[in-house]
Amino acid sequence: MSIETLTSAVRNIPDFPIQGIQFKDITTLFQSADHLKELSDLLYEKYKDRGITMVVGIESRGFFMGPALAIRLGAGFIPIRKPGKLPYRVIEETYTKEYGEDVIQIHEDALTKDDVVLLHDDLLATGGTMLAAYNLVRKLGVKKIYINFLIELEELEGRALFPDEVEVSSVITFNV
Ligand code: AMP
């Protein structure tokens with residue numbers, strides 16, 4: 001299956017959730033068993049030899065593919081969540097969004113210094129969310145971090161936020 005086939009399965013919703021945003025709806029991509037299998041295969045092939053021990057997914061759309069990928073890679077799964085959701089002791093990171101500030105949290109004992117982490121989310125826009133997640137995971141002192149998205153909005157240049165030594169990859173790219 002071609003990347004174009006996967007790309008055309010993403011539904012574009014103009015002006016959602018606010019005016020001016022072209023929302024990339026991945027529910028139409030996940031609806032097809034063939035597309036889902038292809039996504040899983042592509043991600044597995046890319047990361048199978050990297051020694052990934054933990055997939056870390058960002059609430060909430062990073063929870064769709066994250067655990068499925070963790071199972072295929074023989075890795076564990078760790079959630080990064082919004083405040084008030086994780087029951088044990090947490091560390092947190094505050095970051096600036098278009099309208100005000102946001103906070104994300106991870107359990108303080110979620111990762112160890114021996115972990116090789118695949119940080120995963122559905123979509124890279126400005127990169128603010130993933131940068132906060134990257135900083136959060138770094139605070140726990142892991143061995144190595146890879147970053148992955150299903151979709152990248154290239155024109156927003158979110159990947160420029162990450163240091164050169166961090167491999168950032170995405171399956172589908174859009175220019176708008
Ligand atoms: P950002 O921090 O700007 O990179 O935004 C990334 C987060 O916001 C991801 O968790 C996405 O789920 C969501 N997001 C941002 N822009 C869009 C968009 N155009 N379509 C769908 N989701 C988006």
Side-chain angles (χ1 to χ4, degrees), residues 3-32 35-36 38-40 42-43 46-47 54-70 77-86 90-107 110-111 117-139 145-164 166-176:
I3 295 294
E4 287 69 35
T5 304
L6 293 176
T7 305
S8 58
V10 177
R11 179 161 56 188
N12 200 51
I13 312 278
D15 300 322
F16 181 88
I18 55 168
Q19 195 77 20
I21 299 288
Q22 298 282 329
F23 191 84
K24 302 300 180 195
D25 176 15
I26 55 171
T27 65
T28 44
L29 177 64
F30 284 15
Q31 196 169 6
S32 150
H35 294 158
L36 207 49
E38 179 69 7
L39 272 180
S40 169
L42 285 171
L43 291 170
K46 177 150 188 71
Y47 292 107
M54 287 289 182
V55 175
V56 177
I58 304 176
E59 184 171 1
S60 56
R61 286 184 292 269
F63 295 175
F64 291 166
M65 189 52 92
L69 184 55
F77 179 79
I78 297 293
I80 284 181
R81 300 208 63 179
K82 289 161 189 158
K85 303 287 187 187
L86 290 171
V90 295
I91 60 165
E92 65 183 31
E93 187 78 18
T94 302
Y95 63 105
T96 308
K97 297 222 345 184
E98 212 173 342
Y99 304 109
E101 291 196 326
D102 233 325
V103 179
I104 51 171
Q105 301 180 331
I106 193 169
H107 276 147
L111 298 163
V117 169
L118 176 56
L119 249 174
H120 168 80
D121 202 2
D122 68 322
L123 185 139
L124 171 62
T126 66
T129 308
M130 185 56 90
L131 183 63
Y134 172 77
N135 289 333
L136 203 51
V137 168
R138 274 192 26 184
K139 280 184 192 166
I145 304 173
Y146 294 93
I147 295 178
N148 169 262
F149 303 91
L150 299 179
I151 298 174
E152 176 173 358
L153 306 184
E154 263 184 336
E155 278 187 358
L156 297 176
E157 297 179 350
R159 64 166 58 226
L161 295 179
F162 302 96
D164 287 347
V166 179
E167 187 186 306
V168 178
S169 82
S170 48
V171 180
I172 296 166
T173 54
F174 286 98
N175 290 314
V176 282

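What you see below is based on every heavy atom in this structure, not just the backbone, and it leaves out hydrogens, waters and symmetry mates. Atoms within a ligand are numbered from 1 in the order they appear, just like the ligands themselves.
Of all the heavy atoms of Leu153, the ones lying under 4.0 Å from any atom of ligand 1 belong exclusively to the side chain. The side chain of Asp122, and not its backbone, has at least one atom closer than 4.0 Å to an atom of ligand 1 (non-hydrogen atoms only; side chain from C-beta on).
For atom 19 (N) of ligand 1, the closest non-hydrogen atom of the protein is Gln22 O, 2.9 Å. Atom 20 (N) of ligand 1 has its closest protein heavy atom at Lys24 N, 2.9 Å. Regarding atom 13 (C) of ligand 1, its nearest protein heavy-atom neighbour is Arg61 NH2, 3.6 Å. Among all protein heavy atoms, the one lying closest to atom 10 (O) of ligand 1 is Asp121 OD2, 2.9 Å. In this structure, atom 7 (C) of ligand 1 lies nearest to the protein heavy atom Thr129 OG1, 3.8 Å. Ranking protein heavy atoms by distance to atom 3 (O) of ligand 1, first place goes to Thr126 OG1, 2.5 Å. For atom 17 (C) of ligand 1, the closest non-hydrogen atom of the protein is Leu123 CD2, 3.4 Å.
Although no hydrogens or angles enter the test, the distance criterion places a donor-acceptor pair under 3.5 Å between the side chain of Lys139 and the main chain of Glu92.
The shortest separation from a heavy atom of Gly127 to ligand 1 is under 4.0 Å, placing the residue in contact. Ligand 1 lies out of reach of Ile58, whose nearest heavy atom is not under 4.0 Å from it.
A distance of 5.5 Å separates CD1 of Ile147 from CG of Leu119, quoted to the nearest 0.5 Å.
Side-chain contact, Tyr47 with Ser169: a donor N or O sits under 3.5 Å from an acceptor N or O.
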